[in-house]
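Beneath this line is the structure, given in structure tokens, with notes to follow.
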There are 2 protein chains.
Amino acid sequence: MTDIDTSPIPERKRGSGVKMVYDLLRDEILDLVLPPGSPIDEVQLAERFKMSRTPIREALVQLAGEGLIDTLPNRSTMVANIDFLNMHTFFDALVLMYRVTTKLAAQYHRPEDLKVIRAHQVEFAAAVQAQDALAMIATNAAFHSAIAEAGRNPYFTGLFNRLLDEGRRMLRLYYQSYDDRLPQRFVEEHDDIIAVIANHDVEEADRLARLHAEQIVHQIQKLFAREDRLDMAL
Amino acid sequence: MTDIDTSPIPERKRGSGVKMVYDLLRDEILDLVLPPGSPIDEVQLAERFKMSRTPIREALVQLAGEGLIDTLPNRSTMVANIDFLNMHTFFDALVLMYRVTTKLAAQYHRPEDLKVIRAHQVEFAAAVQAQDALAMIATNAAFHSAIAEAGRNPYFTGLFNRLLDEGRRMLRLYYQSYDDRLPQRFVEEHDDIIAVIANHDVEEADRLARLHAEQIVHQIQKLFAREDRLDMAL
DNA sequence: TGTATATTATTTGTCGACAAGAATTTCAGC
DNA sequence: GCTGAAATTCTTGTCGACAAATAATATACA
């Protein structure tokens with residue numbers, strides 16, 4: 001008999017398991033590592049993370065609450081589909097939140113907020129330069145999220161962050177379609193937005209945010225319209 | 001020894017326990033039966049519902065996800081406080097969603113939507129007549145929720161319903177302060193809103209929704225300002 | 001061979017138990 | 001009587017096991 005595994009590894013703090021599983025699954029879903037429809041196996045996850053099914057299930061309950069996974073009672077649970085049919089309603093909500101949060105930022109931001117926002121913009125520009133798609137998505141979301149924070153309305157930032165997360169999946173498809181490249185234009189638009197926020201120019205903030213949002217929406221819709229045509233051609 | 005309890009009662013379908021606990025706790029929290037700060041005891045709930053702690057905990061995880069309860073790691077969990085400090089941000093969000101959903105309803109509603117909306121309005125009027133505070137809150141929320149549904153944007157309806165739920169607790173306090181009575185004026189404003197929606201009058205829908213929302217917000221803020229003064233007087 | 005039924009296997013929902021961490025109590029020393 | 005450490009109680013987080021529900025497979029029959 002070989003030496004017994006006295007399992008010195010389970011150096012994991014009590015209570016940290018749920019969060020760990022939640023965070024990882026969430027990222028894998030939003031980055032399309034787990035594409036929509038992928039089956040989620042509790043026991044498999046339990047083995048993978050070396051823990052029992054109980055904490056796994058609690059993490060899954062959270063994800064289901066956010067609509068990222070679908071759970072059929074007594075049957076399988078899988079990654080939720082992207083709702084392409086109601087995509088335009090998503091974009092309507094996104095554009096509105098872009099406008100509202102940017103306006104509020106122009107109104108209520110403080111000097112230290114601008115520092116944070118500019119820092120995110122630097123990272124975003126670097127990601128575009130490096131053509132790192134996942135980094136672009138993450139830093140872009142962080143940039144706008146920071147603007148929302150500067151607007152100081154937790155309800156808006158909450159919804160906005162949820163929309164950005166939801167959009168991460170569509171955005172991932174979008175970036176992929178352009179070989180993970182992104183035009184410099186978005187970087188410049190971000191700079192303009194920072195400028196009007198710094199100037200406390202509420203009206204112009206609204207206008208630029210709207211243009212920026214509609215710009216992105218337009219690009220993505222063009223992509224999916226193209227894909228629709230390709231699908232039909234099959 | 002008396003006859004053994006062969007427990008013929010647990011006639012509860014597999015998988016229904018979580019939802020049952022979730023729904024009940026949620027209602028008790030939102031209706032202030034469980035006031036903010038109330039401790040939530042897992043074993044007590046387990047005994048009360050005659051089930052193990054596992055499904056109870058899953059329900060609690062969901063409630064925590066919605067921010068209705070706060071969970072301190074390894075320590076107690078309790079009903080979340082109402083955030084009076086950031087109340088104005090809540091009202092900003094509420095007013096915006098009132099406007100957006102009502103506008104969209106005026107744009108996109110179909111005849112059958114109006115039927116549903118009118119039905120809720122009848123119930124609301126009845127609740128006001130009967131001076132049934134909880135019914136007023138519920139039917140008022142159902143009324144506006146139906147309008148949001150008619151606007152056909154699931155993201156907006158989602159946020160809006162969350163706000164209405166959150167507001168249920170403040171509204172409950174508000175109604176209590178008026179001996180659970182409510183002026184007839186709100187009923188009339190609802191009728192006006194129905195009319196402009198039916199007319200597809202988007203601009204007017206926006207205006208009325210805004211007035212209606214600000215009306216309510218103003219009333220509630222007046223109440224809390226009064227309470228603040230009372231608190232200070234102590 | 002195709003279809004309906006019975007059997008087996010897999011997966012989920014629930015349970016009781018245990019251990020880690022925090023709160024409370026006990027008790028020694030000053 | 002007060003302070004601080006040690007012991008105890010209590011609650012939470014996690015586990016392994018079992019049972020219900022479903023899916024997969026085998027078997028019987030036309």
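If you're wondering where the values come from, they're calculated on a predicted model, not measured in any experiment. Letters A, B, ... are given to chains in the order of the sequence lines, protein chains preceding strands, and every chain is numbered from 1.
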Less than 4.0 angstrom from a charged side-chain N to a carboxylate O is my criterion; do D165(B) and R26(B) meet it? yes
When you measure from the side-chain N and O atoms of S52(A) to the phosphate of dC15(D), is any distance below 4.0 Å, counting only OP1 and OP2? yes
Separation of dG16(D) P from M51(A) CE (nearest whole Å): 12 Å
Would you mind reading off the distance between L45(B) atom CG and dT12(D) atom C1', rounded to a whole angstrom? 14 Å
Taking the side chain as C-beta and beyond, is there a heavy-atom pair between N140(B) and I137(B) under 4.5 Å? no
Test of understanding: with side-chain contact (heavy atoms from CB on, under 4.5 Å), list the residues that count as partners of M51(A), not counting sequence neighbours. R12(A), V21(A), F49(A), P55(A), I56(A)
H120(B): partners by side chain to side chain donor-acceptor pair (under 3.5 Å), with sequence neighbours left out: none
Between NZ of K13(A) and C1' of dT14(D) the distance, given in whole Å, is 17 Å
Starting at atom CD of E47(B), determine the distance to atom P of dC15(C), rounded to an integer number of angstrom. 13 Å
Name the pairs: protein N/O against N/O of nucleotides 9-13 of chain C, kept only if under 3.5 Å.
{"unit_1": "dT12(C)", "atom_1": "O2", "unit_2": "R14(B)", "atom_2": "NH2", "d": "2.2"}
{"unit_1": "dG13(C)", "atom_1": "OP1", "unit_2": "N74(A)", "atom_2": "N", "d": "3.4"}
{"unit_1": "dG13(C)", "atom_1": "OP2", "unit_2": "R57(A)", "atom_2": "NH1", "d": "2.7"}
{"unit_1": "dG13(C)", "atom_1": "OP2", "unit_2": "R57(A)", "atom_2": "NH2", "d": "3.1"}
{"unit_1": "dG13(C)", "atom_1": "O4'", "unit_2": "R14(B)", "atom_2": "NH2", "d": "3.0"}
{"unit_1": "dG13(C)", "atom_1": "O3'", "unit_2": "G15(B)", "atom_2": "N", "d": "3.2"}
{"unit_1": "dG13(C)", "atom_1": "N7", "unit_2": "R53(A)", "atom_2": "NH2", "d": "2.8"}
{"unit_1": "dG13(C)", "atom_1": "O6", "unit_2": "R53(A)", "atom_2": "NH1", "d": "3.0"}

How close or far is atom P of dC15(C) from atom NZ of K50(B), stated in whole angstroms? 12 Å
How are the rings of F143(A) and H190(A) set relative to one another: parallel (under 30°), tilted (30 to 60°) or perpendicular (over 60°)? parallel
With a 4.5 Å limit on heavy-atom distance, are the side chains of L94(A) and F160(A) in contact? yes
Which whole-number value in Å describes the distance from I56(B) CD1 to dG16(C) C1'? 15 Å
Rounded to whole angstroms, how far apart are CG on L60(B) and C1' on dT14(D)? 16 Å
